Every structure is written in C-alpha cells, then in structure tokens.
There are 2 protein chains.
Amino acid sequence: MSIDRRQLIIEAATKSFSQFGYKATTMDQVAKIANVGKGTIYTFFKNKEELFDEITNSLIREMKVAAEDAFQTDLPFYEKVHRALYRILEYRLEHQLTIKLFQEGREMRTPAVMEVMERLEQGIISYIKEKVAQAVDKGEIKECNPELTAFVMLKLYIALIFDWERNHDPLTKEDIAKLLEQYVFKGLSK
Amino acid sequence: MSIDRRQLIIEAATKSFSQFGYKATTMDQVAKIANVGKGTIYTFFKNKEELFDEITNSLIREMKVAAEDAFQTDLPFYEKVHRALYRILEYRLEHQLTIKLFQEGREMRTPAVMEVMERLEQGIISYIKEKVAQAVDKGEIKECNPELTAFVMLKLYIALIFDWERNHDPLTKEDIAKLLEQYVFKGLSK
DNA sequence: TATATGACCGAAATCGTATTTTAGTCAGTT
DNA sequence: AACTGACTAAAATACGATTTCGGTCATATA
C-alpha cells in the first residue's frame, strides 16, 4: 500500500500554519513540504479553509481531552474547573500553532482565523457549561445559568491570565485558583 | 476683553473629534470651526495630541463625577459598585465622543486613541479600587486585593455588557446587577 | 509690541497602477 | 484511477505620483 497522502498533507499544513500562520502559508508550500502535487491536496480538501478547519478541529478535540483529563479528580468543583480552564489556556502557550493563530487573529484580523478563535471559545464555553450544569444537578453549587456562568469564568480567566499581565507581574497558577475561588465561589460578602 | 480663544478651540476640537474621530479631524478643520488661525491653536497646545489629551481628561473627570454621583446612596456595597460601574459604561453609549473613540480604538488602532482608552480604563480601576479599599476598611466586605478586585469587576462588567451581547440577547441592567451580586459577592458555593 | 494669522514646508498618508503572488483547476502523465 | 504541475483569474503587494496634514514662522494687526 502507498503512503497516506492525506496524512502527509495534514502534517505538512500543521507545520506550516504553526510556523507562518494561516495567511502566510501557501498551498504550494504545503504541497512542497508534503512532497505532493498541489492538485492532490484538492482531492482531499475542498479548499484551504477546509484543510485549516480539519487541523483546528483536531486541536479543539485535543484541548477537550486535556481539559477532561484535568477534570477527573475528586477535588472540590472550583478546583476542578480551575484545573480544566488552566489546562486549556496553558495549551495556548505550549503549542506553536495556537500561539501563532492567537497572534494572527489579534493583529491581522484574518477572517478565517477569527472564526476559528470564535469556535474555540464556543467550544470551551460549551464544555464548561456542561460541567456547571452537572454540578448544579448534583447539588455541588447553587442554581445558576450554566452558560452565563461558563462565560463569566472563561472571561475572568482570560482577564487574569492575559490582560492582567499587560500592566502587572503575572499571577501564578495558585493565585488564579485562589481568585476564582474567592470571587466566583465564596464571594466577597461577609 | 476679547473672546476666549482657548475655549473656542477646545469646543471646536470636541465637536470635530466627536463627529470624525481623532485621526480624521485635522488641525485646519479645528481652526476653521473655532474661527481662529491655525497657528493660534499652537499658542495654547503643543500639538494635536496635547489638545486631544486636554479634552479626554475632562471627559475622564466628568465620568468620575457621574460615577461618584451614583455612589452616593446608602445601598449595599455591591449595589453601589454596580450603579457606579453601570453609570460609567452607560457614558460610552450616551456620549458621541466616547462612542467614536471606542470604535476608532477598536477598528483603526490609532495609537493616541489606544493610549486614551488605556488611561480611561486605569482611571476607572483606580476609582473603584479606592472604593473597594474603603469598603474593606469599614468591614463591609472581606479582605481582598483592592486593585485586583476592581480589575475583576470592570472586566466582568465589560464582558457582561459588551461581549455577551455579541452572541446573545443583551442583559438588562437588573440582570447585570444580579450577576455581579451572585458571582463576585455571594459566590456559587452553598 | 504682543497676539494672531495663514502661506509654506517636509513628512506621512493615500491613490492609482504595474507587478507579483496565490488559491484553485484541469489537461496531460504515470 | 491517481496524481501532477503548468495555467488562470483574482487578490495582494510594491511603488511612484499626488495629496493631505501637522507644525512653523515671517508678516499682519490691533
């Protein structure tokens, strides 16, 4: 049996997207890295965006697996949420592809990239939403709107991790866990 | 005594910045509206940016006054914070100048405008920080880092008011007050 | 003579167009 | 039947010509 060209293409494209971003990787480039004629790419993927989606969908799946992994403990709920969210956001710093895309979305506003980031955010929110709904059912936390709660938790995390350090020393993982506990779970009331 | 040219210039510039934004107002334009020679502007302001700062500083002062006004009640602390923050963020929707600048900062990234938005955010945070510190002193709320708390509250508000409605029906003023109370003050723990 | 002005300047932005790049196709090769 | 890469049309870019604009200063005015 001959080599799996589809896989070669995916690997090549992943490499190129990671290194140059979406806009700056050309289909010729991908074909060359994959050692494949350009036309061949189009027998597997309708267009550049579909190839991109294939790769980013795997990425999102992987992030869910990582989060799910962090969630499987018997710690208190807020600690589990913290670990899951932290894991997901850590991903951005560890994987070249997400770093590049995050940057490209912010500074070049490439539409295809913006859409992916949107999908990524939605994916995280729907994942957390599910967990919140389960926790409410199990009576682990108070009644609340699960989607809104997931949304608030994610925004809080992004603010604490990315926005805060634009003007201050970065917060440690433990700081952030404490803050999530303090603000969202325990509350400031006496 | 002759007319107050400085004031004429400030009024003209405010009009023009409100209507066209920072980048698109020219010094010739301002001079014309103010009925003043262009050179005259430079006898009062070192350059375009200093004129802009003069105007945006008044804006920030006005916003503080509006917030302070909302704060002078004897409601519970979270309700006062809510009123103050809501008042500040409402400002953006009511005043042409802030709308224009907000938009220009987002979509054109004009550096001078970005700086002003940054100062504006800092102004809000330091104002809220002060209030939080006082509330801690008076024993109205638990011990916490006042700046971080102010930061979290502002980010939460911006997320609830501006980000949430990009994908959902907007939240009402009462919804938002409830959410601030629920998440930041009471907490989700049982 | 203190204040105000607008013609003027160089730098920067914008515009128009020639040139290059690139996503996607398809006739031909293996 | 699977694969290829030369080809095309459209989009992006590079670039020089032109315009715009912030800031200055010699002159005018009161």
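Please read all numbers here as calculations on a predicted model, not as lab measurements. We name chains A, B, ... by the order of the sequence lines, and we start the count at 1 in each one.
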Q: How do A/Gly37 and A/Lys23 order along DNA chain D: which one's closest nucleotide is nearer the 5' end?
A: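 In this pair, the answer is A/Gly37.
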Q: Rounded to whole Å, how long is the line connecting atom CE of B/Met27 with atom C1' of C/dA13?
A: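 Atom CE in B/Met27 sits about 17 Å away from atom C1' in C/dA13.
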Q: How many Å lie between CD1 on B/Ile9 and C1' on C/dT5, as a whole number?
A: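 Interatomic distance, CD1 of B/Ile9 to C1' of C/dT5: 12 Å.
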Q: Rounding to an integer number of Å, can you tell me how far B/Glu49 CD sits from D/dG22 C1'?
A: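 Result: 12 Å.
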Q: Looking for any heavy atom pair under 4.0 Å, which part of the strands does A/Lys48 touch: base, sugar-phosphate only, or nothing?
A: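 Sugar-phosphate only.
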Q: So B/Phe102 and B/Phe162, would you call those rings parallel, tilted or perpendicular, with 30° and 60° as cut-offs?
A: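 Tilted, since the angle between the ring planes falls between 30° and 60°.
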Q: Taking the six-membered ring of B/Tyr22 as reference, does the NZ or CZ atom of B/Lys48 fall below 6.0 Å from its centre and within a 45° cone about the axis?
A: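 Yes, B/Lys48 sits over the ring of B/Tyr22.
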Q: Rounded to whole angstrom units, what separation is found between the CD atom of A/Glu50 and the P atom of C/dA23?
A: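 The distance from CD of A/Glu50 to P of C/dA23 comes to 15 Å, rounded to the nearest Å.
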Q: Output the rounded distance in Å from CD (A/Gln29) to C1' (C/dA23).
A: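 Taking CD of A/Gln29 and C1' of C/dA23, I get 14 Å after rounding.
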Q: Can you tell me how far P of C/dT3 sits from CD1 of B/Ile41, to the nearest Å?
A: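 Value for this atom pair: 18 Å.
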Q: For residues A/Leu154 and A/Leu93: do they belong to one hydrophobic cluster (side chain heavy atoms under 4.5 Å, members Ile, Leu, Val, Met, Phe, Trp, Tyr)?
A: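 Yes: a chain of side-chain contacts under 4.5 Å links A/Leu154 to A/Leu93.
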Q: Assuming nearest nucleotide by heavy-atom distance, tell me which of A/Tyr22 and A/Gly39 is located more 5' along DNA chain C.
A: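 In this pair, the answer is A/Tyr22.
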Q: Counting only heavy atoms not in A/Lys155, do more than 12 fall under 6.0 Å of its NZ?
A: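 Correct, the count exceeds 12.
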Q: With respect to the side chain of A/Lys38, which nucleotide from D/dA6, C/dT5, D/dT4 is positioned closest?
A: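 Out of D/dA6, C/dT5, D/dT4, the nucleotide with an atom closest to A/Lys38's side chain is D/dA6.
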Q: Whole angstroms only, please: what is the CG-C1' distance between B/Asp4 and C/dA4?
A: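 Taking CG of B/Asp4 and C1' of C/dA4, I get 15 Å after rounding.
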Q: If I take atom CZ in residue B/Arg5 and atom C1' in nucleotide D/dA30, what distance separates them, rounded to the nearest angstrom?
A: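 About 11 Å, once rounded to whole Å.
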Q: Looking at every strand, decide which applies to B/Thr40 at a 4.0 Å heavy-atom threshold: base, sugar-phosphate, or nothing.
A: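 Base contact.
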Q: Taking A/Glu181 first and then A/Lys186, would you say they form a salt bridge - that is, a charged N and a carboxylate O separated by under 4.0 Å?
A: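 Result for this pair is yes, salt bridge flagged.
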Q: Identify each atom pair where a protein N or O and an N or O of nucleotides 28-30 of chain C are less than 3.5 Å apart, giving names and distance.
A:
none

Q: A/Phe17 ring centre to A/Lys100 NZ or CZ under 6.0 Å, with the angle to the axis within 45°?
A: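 Ring-cation test returns no.
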Q: For B/Glu11, is there an ion pair with B/Arg6 - N to carboxylate O distance below 4.0 angstrom?
A: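 The answer is no: the pair does not qualify as a salt bridge.
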